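Keep in mind that this is a model prediction, so the values were computed, not measured.
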Amino acid sequence: MPSGATDPRLSVVVPSRGPAARLRATLACLAGQGRGAPPFEVLVVDDNPEPADSSPGPARDDPGPAQDDPGPAGAGAAPAAVAGELARDLPVRVVPGPLRGRAAARNAGAAAARGARLVFLDDDVLVGPEFLAAHAAAADPDAFAHGRTRELPTAARLLKSLEGGSPEDVRRARAALGPGPAPAPGPPGPAAHRRLVANALERTVEAMAGGTLPDVAPWLGFVGANTAVDRDRWRRAGGFDEAFGLTWGCEDLEFGFRLYAAGVRRTLVPDALGVHLSHARPGRWEQHHRNLDRFRALHPHASVRALEALLGPDGTPGEYVRAVTDAADAPVRGGTR
């Protein structure tokens, strides 16, 4: 049995729905954690509709009574099959997903966790061998940890090159990734395909935490792709708001806002680098706007009301700071700023 399976210190919650290739790469990286990693477990929350003939894999936790809305039948129980491929080298369990969106999936994984510290990791994020050691070193019951995250615009090309490859091939590919200078004009060389990019949200969180940008939103930073918090703090804050439903976006940031309001501060973990396998998301901005409207209605704070200036398609850190300042000076219905 892999180390940490029975008495983990960290529980890595990986909600999964969709293509198996990205999940396979994520789990391959987790299976290659270095000797400094604490005892840990991985909980893959299978949020794919259940097929008629599931592929064999590690035992799924007993889902208990049937859900009121189990979701439509669909094709592919990929998470169970992928987890089964790596179960010999990875302390992994598969948790049935509630099929009610990302917030509900993360809550299901957290509820099944045994570790005192939860690490939330998306199923399309590649990590290095020191990832969990870095999160463990930064663990603090009074803080949530924001792991540094970068986008890989050429992820489709990387995944194509890894088709049929071994977990070790994935880990070698991950080790080759890293920030670098802009490529010279002309045909892109190999280095150009490995360039990592910090999105506007990431640049803002790092700049505010580092003091190079006014920290107008000290709660900002609980990004579900790569973040950690004590399980007790998750429970006391009420977990992720499942009313965000199947619509994409903001459910993780809203939870961070509530954590901060409950006295849990933000801390950065630069060494817990996650590389996001960037991919197109049809309807992304339409969904995002709906959830952002809900977030603003729940918490009409200036730093929330101004989020469009950061999270919109043309958002920047500087525009966000200016928008927060302007929103703080504007009257709000009911007198709350």
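- Between Asp326 and Arg305, none of the side-chain N atoms (NZ, or NE/NH1/NH2) sits under 4.0 Å from a carboxylate O, so this pair counts as no salt bridge.
- Taking all atoms of both residues into account, the shortest heavy-atom contact from Glu308 to Leu292 is OE1-CD2, 3.4 Å.
- For the atom pair Asn199 CG and Thr149 OG1, the distance stands at 8.0 Å (nearest 0.5 Å).
- Residues Asp169 and Arg172 meet the side-chain proximity criterion, which asks for heavy atoms closer than 4.5 Å.
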Report the C-alpha distance between Leu268 and Glu206 in whole Å, list the side-chain angles of each, state the deciding distance to 0.1 Å, and finish with yes or no for side-chain contact (heavy atoms from CB on, under 4.5 Å). CA-CA 8 Å; Leu268 258 63; Glu206 292 180 10; 3.8 Å; yes

Please assess Val170 against Cys29 for the test side-chain contact (heavy atoms from CB on, under 4.5 Å), listing each intermediate value before the final yes or no. CA-CA 7 Å; Val170 175; Cys29 290; 4.0 Å; yes

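- Side-chain N or O atoms of Gln33 include one that pairs as donor or acceptor with a backbone N or O of Gly128 at under 3.5 Å.
- Counting all heavy atoms, side chain and backbone alike, Val125 lies closest to Gly274 at CG1-CA, 3.6 Å.
- Looking at Val45 and Val14, their side chains never come closer than 4.5 Å, going by heavy atoms from C-beta outward.
- Looking at Arg203, its side chain does come within 3.5 Å of a backbone N or O of Ala198 through a donor-acceptor pair.
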Determine, step by step, whether Leu152 and Leu158 satisfy the side-chain contact (heavy atoms from CB on, under 4.5 Å) criterion, reporting the C-alpha distance in whole Å, the side-chain angles of both residues, the deciding distance to 0.1 Å, and the verdict. CA-CA 9 Å; Leu152 179 65; Leu158 176 67; 3.7 Å; yes

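- Here CZ of Phe144 is found 14.0 Å from CG of Leu118. Values are rounded to the nearest 0.5 Å.
- Between the side chain of Thr26 and the backbone N or O of Leu126 there is no donor-acceptor pair closer than 3.5 Å.
- Going from atom CG of Leu277 over to atom CG of Asp123 covers 9.5 Å, rounded to the nearest 0.5 Å.
- In this structure a side-chain-to-backbone donor-acceptor pair under 3.5 Å is missing from Asp230 to Asp142.
- Rounding to the nearest 0.5 Å gives a distance of 9.5 Å between CD of Glu254 and CD of Glu251.
- Proximity of a side-chain donor or acceptor of Arg296 to a complementary backbone N or O of Asn291 within less than 3.5 Å is not detected.
- Residues Val229 and Leu259 are in side-chain contact: their nearest non-hydrogen atoms beyond the backbone lie under 4.5 Å apart.
- Without hydrogens or angle criteria, Arg117 side chain to Ser11 main chain gives no donor-acceptor distance under 3.5 Å.
- At a threshold of 4.0 Å, the pair Arg22-Asp122 does not count as salt-bridged, since none of the basic side-chain nitrogens sits closer than that to a carboxylate oxygen.
- Taking the six-membered ring for Trp, Phe295 and Trp219 have ring centres closer than 6.0 Å.
- With a 4.5 Å cut-off on side-chain heavy atoms, Val216 and Ser303 do not count as touching.
- Here CG of Leu246 is found 8.5 Å from CG of Leu99. Values are rounded to the nearest 0.5 Å.
- Taking both residues in full, the closest heavy atoms of Ala113 and Arg93 are given as CA-NH2, 4.2 Å, listed atom of the first, atom of the second, then distance.
- Side-chain contact between Asp241 and Arg294: present, with at least one pair of heavy atoms (C-beta onward) separated by less than 4.5 Å.
- Under the 4.5 Å side-chain criterion, counting only non-hydrogen atoms from C-beta, Phe40 is in contact with Leu90.
- The pair Asp215-Arg266 counts as a salt bridge, with a side-chain nitrogen and a carboxylate oxygen less than 4.0 angstrom apart.
- In this structure, Arg100 pairs ionically with Glu242, as a charged nitrogen and a carboxylate oxygen lie closer than 4.0 Å.
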Working note: Val13 + Val119, criterion side-chain contact (heavy atoms from CB on, under 4.5 Å); need CA distance, chi angles, decisive distance, verdict. CA-CA 6 Å; Val13 176; Val119 178; over 6 Å; no

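- One distance of note links OG of Ser166 with CZ of Arg171; it measures 7.5 Å at 0.5 Å rounding.
- Ring centers of Phe255 and Phe244: at least 6.0 Å apart, outside the cut-off.
- Looking at every heavy atom in both residues, Ala173 comes nearest to Leu162 through CB-CD2, 4.1 Å.
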Kindly indicate, with the supporting measurements, whether the criterion salt bridge (charged side-chain N to carboxylate O under 4.0 Å, His left out) is fulfilled by Arg148 and Asp271. CA-CA 7 Å; Arg148 188 162 56 108; Asp271 292 335; 5.5 Å; no

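- Remark: side-chain polar atoms of Asp47 are not paired, donor with acceptor, to backbone N or O of Ser16 under 3.5 angstrom.
- Side-chain atoms of Arg233 come within 3.5 Å of backbone atoms of Pro141 as a donor-acceptor pair (strictly under, hydrogens ignored).
- By the 4.0 Å N-to-carboxylate-O rule, Glu163 lies close enough to Lys160 to be salt-bridged with it.
- In terms of modelled atom types and a separation under 3.5 Å, the side chain of Asp252 and the main chain of Gly224 share a donor-acceptor contact.
- By the 4.5 Å heavy-atom criterion applied to side chains, Thr204 and Leu220 are counted as neighbours.
- Using a 4.0 Å cut-off between a side-chain N of Lys or Arg and a carboxylate O of Asp or Glu, Glu202 and Arg150 qualify as a salt bridge.
- Using modelled atom types, one side-chain atom of Asn226 and one backbone atom of Ala272 make a donor-acceptor pair closer than 3.5 Å.
- No salt bridge links Asp293 with Arg290; every basic N to acidic carboxylate O contact stays at or beyond 4.0 Å.
- The shortest distance between side-chain heavy atoms of Arg102 and Arg17 does not fall below 4.5 Å.
- Scanning all heavy atoms of the two residues, the minimum distance from Trp234 to Phe120 falls at CD1-CZ, 4.5 Å.
- Heavy atoms only, all atoms of each residue included: Val269 and Ala138 are closest at CG2-CB, 3.6 Å.
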